[in-house]
Amino acid sequence: MKNQGIHGNVYWIEGNQMPQASQGEDSSLSPASQKPVKRTIHIHQLTHINQASLGDYLFGNIETPLVASIETNEAGEFSVELPPGKYSLFTVEENGYFASIFDLDSYIHPVKVEKGEWSKVAITINYKATF
């Protein structure tokens, strides 16, 4: 790894995630666990919710500049060197861009990169899951 940036994992989760009542300890109806997934991640300058169009579950047009784009490996892992700053992370989906984390000021999946430090993130793509 170099000076600083973002590294982490991307996971996929879908289906019914509601807790299920069962007679035994082991139930096949228990919620599915998250699975590592291969995805392209777009890293934009810090993006406010007003700077991206939101559809049903996915974002469409993102108005802030794209800073970097990186592919995860088969295990959903990624690492990208970036200059210090604040960024927003989106995964590239078939019909748009996914992000589900917002800060109190309505910035989309904000991640701060500090000089000489690596920020660790976990992205869980869950727009096809029900809770």
Task: NZ/NE/NH1/NH2 to OD/OE distance under 4.0 Å, R39 and E71 - done: no
Open item on the list: Evaluate S79 against W118 for side chain to side chain contact (heavy atoms under 4.5 Å, CB included), listing each step before the verdict.
Closed with: CA-CA 9 Å; S79 179; W118 284 84; 3.4 Å; yes
Hey, does [Y] have a side-chain heavy atom less than 4.5 Å from the side chain of [X]?
{"X": "Y87", "Y": "L46", "result": "no"}
{"X": "I62", "Y": "F90", "result": "yes"}
{"X": "T91", "Y": "T40", "result": "no"}
{"X": "W12", "Y": "K128", "result": "yes"}
{"X": "E94", "Y": "L58", "result": "no"}
{"X": "L66", "Y": "I43", "result": "no"}
{"X": "I13", "Y": "I125", "result": "no"}
{"X": "N3", "Y": "E81", "result": "yes"}

Ignoring hydrogens, what is the shortest heavy-atom contact between [X] and [Y]? Give both atom names and the distance.
{"X": "A99", "Y": "F59", "result": "O-CE1, 3.6 Å"}
{"X": "P36", "Y": "A75", "result": "CB-O, 3.1 Å"}
{"X": "T124", "Y": "S100", "result": "O-OG, 4.1 Å"}
{"X": "Q45", "Y": "T64", "result": "O-OG1, 3.4 Å"}
{"X": "I6", "Y": "F78", "result": "CG2-CE1, 3.9 Å"}
{"X": "Q4", "Y": "P83", "result": "NE2-CA, 3.8 Å"}

Would the distance check show the side chain of [X] and the main-chain N or O of [Y] forming a donor-acceptor pair, the cut-off being under 3.5 Å?
{"X": "E117", "Y": "E114", "result": "no"}
{"X": "S53", "Y": "N61", "result": "yes"}
{"X": "S119", "Y": "K112", "result": "yes"}

Task: Residues F102, I49; criterion side chain to side chain contact (heavy atoms under 4.5 Å, CB included); working and verdict - done: CA-CA 8 Å; F102 303 89; I49 192 136; 3.6 Å; yes
TODO: Report the C-alpha distance between I123 and H109 in whole Å, list the side-chain angles of each, state the deciding distance to 0.1 Å, and finish with yes or no for side chain to side chain contact (heavy atoms under 4.5 Å, CB included).
DONE: CA-CA 9 Å; I123 299 171; H109 203 138; 3.8 Å; yes
- [ ] Output all residues satisfying side-chain contact (heavy atoms from CB on, under 4.5 Å) with D103, sequence neighbours left out; order by chain, then residue number.
- [x]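 So D103 forms a side-chain contact (heavy atoms from CB on, under 4.5 Å) with D105, Y107, P110.
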Open item on the list: More than 12 heavy atoms of other residues, nucleotides or ligands under 6.0 Å from NZ of K120: yes or no?
Closed with: yes
- [ ] Answer yes if the ring centres of Y127 and F98 are under 6.0 angstrom apart, and no otherwise.
- [x]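 Yes, ring centres under 6.0 Å apart.
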TODO: Decide side chain to side chain contact (heavy atoms under 4.5 Å, CB included) for T72 and E77; before the verdict, give the C-alpha distance in whole Å, the side-chain angles of both, and the deciding distance to 0.1 Å.
DONE: CA-CA 5 Å; T72 67; E77 301 164 332; 6.0 Å; no
